[in-house]
Amino acid sequence: MNFGNTMGTTANYNENQRHKRISDPDGSNSGNSIRRIMNRTRLTDEDLEQLRLSIIKSHKKKHYRVLVISALLFIILGLVLYYFAF
């Protein structure tokens with residue numbers, strides 16, 4: 001039984017998605033701004049500063065997520081301990 005080859009369609013779909021993500025005009029996603037900067041042949045001081053700021057922004061997002069998840073876990077742990085204590 002030969003069902004054919006679907007790899008061509010998959011490759012085209014993935015390639016189109018990749019171009020959509022890279023061509024984000026406002027640079028809201030830090031990954032896109034990093035890709036856009038790294039595609040240039042020469043980097044200026046402004047590009048390096050933008051890269052540094054986008055890295056700091058993405059790290060802050062990750063730290064806030066970890067903080068929120070940790071706080072929720074401690075609250076749940078406290079409630080469980082309170083339930084078993086009384």
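Reckoned from all heavy atoms, side chains included, excluding hydrogens, waters and symmetry mates.
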Interatomic distance, L72 atom CG to L77 atom CG [nearest 0.5 angstrom]: 12.5 Å
CD on E46 to CG on L51, rounded to 0.5 Å: 12.5 Å
Counterpart residues, side chain to side chain donor-acceptor pair (under 3.5 Å), relative to R52 (two or more places apart): E49
Side-chain hydrophobic cluster, 4.5 Å single linkage: members besides L67: none
Partners meeting side-chain contact (heavy atoms from CB on, under 4.5 Å) with K62 (sequence neighbours left out): none
Members sharing I69's hydrophobic cluster (side chains within less than 4.5 Å): L73
Listed partners of F86 passing ring-ring contact (aromatic ring centres under 6.0 Å, His included), at least two apart: Y82
For V80, side-chain contact (heavy atoms from CB on, under 4.5 Å) partners two or more places apart: I76, F84
